[in-house]
Number of protein chains: 2
Amino acid sequence: MQAKEAAEKLEITQRMLRHYEKEGLMEVGRTLNGYRSYSAADLRRAGRIRDFIATGFSTREIRAMSACLSDEGSGPCEGGVEKLREKLEHIDRLRAELDDKRNVVIDRLAALQNRLASVSSR
Amino acid sequence: MQAKEAAEKLEITQRMLRHYEKEGLMEVGRTLNGYRSYSAADLRRAGRIRDFIATGFSTREIRAMSACLSDEGSGPCEGGVEKLREKLEHIDRLRAELDDKRNVVIDRLAALQNRLASVSSR
DNA sequence: TTGAACATTAACATGTAAGTCAGGCTTTGT
DNA sequence: ACAAAGCCTGACTTACATGTTAATGTTCAA
């Protein structure tokens, strides 16, 4: 698969696909004419990189746990587990707070609607 | 509480606390001598900002939902059912994004642990 | 064979998180 | 009174995601 199609499927730009390569996050084969050729595995890997970046990981961090990115991913990616756990903590803390906040709003909304209901039923 | 202690409790630098202010993400009171004085609420708010940034949100995005960051849903977070509903939409959208991000991490973690398990059981 | 659509690299640009350092004021302990 | 430690602002620096553009090569269809 050529660059354009790959980029479209991943909903990122070709620019970023090249960026991933230049940053050493993935390697992509070439056809005879020098064009990049993306395999299905390349797509999955690039998709993971995209998600990690969108989740606040730097290229440095992603590179550091590069082994954890491949489908088969053998090798030493133990350090990756640490980072994943940390990230999970961040996300979960945020989620918990968002949930609290959500309840505050819901309660208030309910209170408002109670008042409206009691007014309109008068 | 002064800057040093606040930064230590939040495990970020004073530099970043000042940064949050300059970016309009929070306001911090001053004592007579001009020193910043962080309240418990300030600490919580800064902690949320820290978590949002660590989760890949830009200052622009954080600023946009600034009202949802305070402890009390009061302030600009009130003003009738309309605003509350908007607020809820914001929060739910955020929660959805967070869940996506969380799933990315969880999937990877699960994949890693499957691999480790199958290796160690051999 | 010419043009459109695709590809390539390289260079330049922008926004922003984050570090660091300099120059200067304030507080506090000795 | 002096030194150490804190604070303040502002400026310089780096890293990095991402966009844009320019110059050029390749493929394909009319």
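Naming convention: chains lettered A, B, ... in sequence-line order (proteins, then strands); numbering from 1 in each chain.
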Please state how far atom [atom1] in [X] lies from atom [atom2] in [N], giving the value in whole angstrom units.
X      : N       : atom1 : atom2 : answer
E23(A) : dC16(D) : CD    : P     : 6 Å
Q14(A) : dT9(C)  : CD    : C1'   : 13 Å
Q2(A)  : dA4(C)  : CD    : P     : 19 Å
N33(B) : dG6(D)  : CG    : P     : 15 Å
L17(A) : dA17(D) : CG    : C1'   : 14 Å

Which one, [options], comes nearest to the side chain of [X]?
X      : options                  : answer
R15(B) : dT9(D), dT20(C), dT16(C) : dT20(C)
R36(A) : dG19(C), dT8(C), dT16(C) : dT8(C)
Y35(A) : dT18(D), dT26(C), dT8(C) : dT8(C)
A3(A)  : dT8(C), dC16(D), dT9(D)  : dT8(C)
R60(A) : dC8(D), dC16(D), dA17(C) : dC16(D)

- Task: With sequence neighbours excluded, tell me which residues meet salt bridge (Lys or Arg N to Asp or Glu O under 4.0 Å) with R48(A).
- Result: D71(A)
- Any donor-acceptor pair under 3.5 Å linking the side chain of R50(A) with the backbone of L10(A)? yes
- Item | Those residues that, when tested against F57(B), pass ring pair (Phe, Tyr, Trp, His ring centres under 6.0 Å) (two or more places apart) | F52(B)
- Query: Toward the 5' end of DNA chain D, which comes first, R18(A) or K4(B), by nearest nucleotide?
  - Reply: K4(B)
